[in-house]
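Here the structure comes first, spelled out in structure tokens, and everything after it is commentary.
Order of listing sets the numbers, starting from 1, for every ligand and every atom in it. The model shown is predicted, which means the values in this text are computed figures rather than measured ones. Count residues from 1 along the sequence.
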Amino acid sequence: MEKESLLMLPGPVPMPERVRFAMSRQAINHRSAEFGAVYADCVRVLKTTFGTTNDVFVISGSGTAGMEAAVANFGRDKEIACFVNGKFGERLYKISQRYGKAHEIKSEWGTPLDLAALEAQLEAGAQVVTLVHNETSAGIKNPAAEIGKLARKHDALFVMDGITSVGGDLVETDKWGVDVAIVGSQKCLAAPAGLAAVSVSARAWERLTKNPPYYLDLAAYKKSAAGKPMETPYTPAVPLFLALREACLIVEEEGLANRIARHQKMAKAVRAAAQAWGLSLFPKLDAKHEYATTVTAVSYPDGISDDAVRATIKKLGITIAGGQDHLKGKIFRIGTMGAVSAPEILATLAATQHGLVKAGYKIKGNGVEAAAEVLE
Ligand SMILES: *Cc1c(COP(=O)(O)O)cnc(C)c1O
């Protein structure tokens, strides 16, 4: 019997059968009306998930390719203010260092961002602001709307990594003044890994670099997308586009508002379980700040081994994530994104509870029951 582990990671996530089947068909011509229609379906739904009427392009490459496309096209040789409160903020900063003059605005991982420091950077001439909306490494959601306002006030471009929020949480690219937003296919959209989508505002186009990268030249994507049929500049990962189209149609069928509500409920259930067990969430937030709704990061109590806990969970057929970099061994992370719902969450929490108990932790209460109360 084929039996893969249930992936409850913050991406990649389990894919609906329709999405998997879509990838297994015979090759099609990527310069054809048929492919053009596939691309157009993806873009139509992605615009809804991004909350934008801006241009949206799909790039063959993982989420990081989308991040690099954003910075390389719109941040080249510019003063870039980069918010960092986790691994992916750090990645945007590192990419920005390659292309422009990057200035890090650093907070401890999982702690709120320093907006006053951004104002100072903007007053000192920052032309681009980078932000990770949902910092997957730490389980914190950053205040994109507020940051968008500050960027606009100082006429800076706003680049936002929405890789684990678009398609699973509320993202309002246009309303928040996001000039370039990015999503990856393998997270909340529940499509296979390997595609990134990028939205670009009219303001951003006006400030396009004259020295663009080659493969990630977004002006080339714009030109090809405007053709009949709609195309990409180079041969795209066609099977992944076919799968992404199916994943997008599923988003449309569910309805974005329902999908967001489902994601919020799942994260709430995981938080309820952690609280019942007597564990703390990794981000220490006051009422003004928010936890991520697509991944929950929980701190291990002293003396409880991450390896032991996750090995037990793995034995039960489920995979959750540990911490990255300096958080390795300190936290575990449960992804609640994509097509999963109560059955997967309850199984994951039951396995996690068992893993914690077996590793020697005395749980305060029944986390599975607390989660079921939320999910019921
Ligand atoms: C997963 C993730 C990425 C990186 O995407 P890749 O597909 O691994 O390149 C970037 N940002 C965030 C917030 C992520 O969660």
Item to check | Option from Gln264, Glu252, Glu254 for which side-chain hydrogen bond (donor to acceptor under 3.5 Å, both in side chains) with Arg259 holds | outcome: Glu254

Item to check | Short N-O contact, Asp306 and Lys328, less than 4.0 angstrom | outcome: no

Checklist outcome for this item: Lining ligand 1 at under 4.0 Å, by non-hydrogen atom distance, are residues Ser62, Gly63, Thr64, Met67, Phe88, Arg91, Val132, Asn134, Thr136, Asp161, Ile163, Thr164, Gln186, Lys187

Checklist entry - Shortest non-hydrogen contact from Leu244 to Ser185? => result CD1-CB, 4.5 Å

Checklist entry - Has Lys187 got its NZ or CZ under 6.0 Å from the middle of the six-membered ring of Phe88, at an angle within 45 degrees of the ring axis? => result yes

Checklist entry - Would Thr296 and Arg333 count as having a side-chain donor-acceptor pair, cut-off 3.5 Å? => result no

Next on the checklist: Within the structure provided, determine whether Glu119 and Leu150 are in side-chain contact (heavy-atom separation under 4.5 Å).
Outcome noted: yes

